[in-house]
Amino acid sequence: MASVLEELQNDLEEVKTLLEKATRKRVRDALTAEKCKIETEIKNKMQQKSQKKPELHDSEKPAAVVAPITTGYTVKISNYGWDQSDKFVKIYITLTGVHQVPAENVQVYFTERSFDLLVKNLNGKSYSMIVNNLLKPISVEGSSKKIKTDTVLILCRKKAENVQWEYLTQVEKECKEKEKPSYDAETDPSEGLMNVLKKIYEDGDDDMKRTINKAWVESREKQAKGDTEF
């Protein structure tokens with residue numbers, strides 16, 4: 001049985017195929033929103049999978065739970081976890097051995113809507129993470145960092161206390177808002193895609209229905225031939 005991640009990847013491929021064939025603006029807008037939704041879900045699933053890795057036995061742990069893009073001796077961190085309290089938004093970055101480097105090697109620079117983490121000389125490399133366009137303003141003076149075993153904890157002090165953040169960044173919010181008219185968050189990902197296409201088909205004119213039918217048949221034929229790429 002295919003995993004949830006595999007199902008999402010298959011859905012994404014089908015949406016991409018349909019998007020290539022669609023010519024009607026309304027169809028393309030709906031499919032583009034659905035594509036954004038599925039890509040976000042895939043990213044979240046991959047992050048959840050990565051965050052489970054520290055729970056493995058020591059012999060099974062990876063060297064670092066990051067997805068690095070290396071340029072010279074600098075590794076860009078893209079995997080992290082976050083949660084919040086009434087006063088803080090907390091970002092957790094896993095870096096094996098970070099608690100063993102000098103405290104001054106771990107630097108975080110805050111602005112009202114961003115933070116920039118730099119870890120110097122950890123296992124012969126530097127690690128960086130920049131998060132711009134935070135969802136809401138933070139207090140630069142009230143924000144800080146903590147170093148724990150194999151983890152950097154970044155504490156962003158909310159300017160508006162007792163206000164819950166639905167997302168960490170404005171980009172994530174905008175992506176989600178584009179999806180809202182096109183799917184029901186409670187439905188299965190595959191079912192959500194089917195509902196989107198069904199609604200477009202039912203509401204569309206004859207030209208729109210012909211476009212969807214043609215794209216759907218061609219995408220199925222392409223998948224049957226093993227021609228898809230991800």
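Atoms SG and CG, from C36 and L12 in turn, are 10.5 Å apart once rounded to the nearest 0.5 Å. Taken from OH in Y167 to CH2 in W82, the straight-line distance is 9.5 Å, to the nearest 0.5 Å. Between atom CE of residue M129 and atom CG of residue N79 there is a gap of 9.0 Å, rounded to the nearest 0.5 Å. How far CG of N121 is from CD of E104: 11.0 Å, rounded to the nearest 0.5 Å. Rounding to the nearest 0.5 Å gives a distance of 11.0 Å between CG of D83 and CG of L168. A distance of 12.0 Å separates SG of C175 from CD of Q170, quoted to the nearest 0.5 Å.
Q84 and K158 are linked by a side-chain donor-acceptor pair at a separation below 3.5 angstrom, with hydrogens and angles left out of the test.
Using a 4.5 Å heavy-atom threshold, the side chains of N132 and T169 count as separate. Side-chain atoms of V106 and V101, non-hydrogen and from C-beta on, do get closer than 4.5 Å to each other.
For T151 (side chain) and T149 (main-chain N/O), a donor-acceptor pair under 3.5 Å exists by modelled atom type. Remark: the backbone N or O of S139 is not paired with any side-chain donor or acceptor of R157 at under 3.5 angstrom.
The residues E41 and K37 are annotated as salt-bridged, a charged nitrogen and a carboxylate oxygen being separated by less than 4.0 angstrom.
In this view, K159 and E112 satisfy the salt bridge (Lys or Arg N to Asp or Glu O under 4.0 Å) rule, not counting sequence neighbours. Taking the salt bridge (Lys or Arg N to Asp or Glu O under 4.0 Å) definition, one finds that E39 meets it with K35, sequence neighbours left out. K145 pairs by the side-chain hydrogen bond (donor to acceptor under 3.5 Å, both in side chains) definition with nothing, not counting sequence neighbours.
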Please lay out, stage by stage, how T74 and K125 fare under the test side-chain contact (heavy atoms from CB on, under 4.5 Å). CA-CA 6 Å; T74 300; K125 296 179 181 179; over 6 Å; no

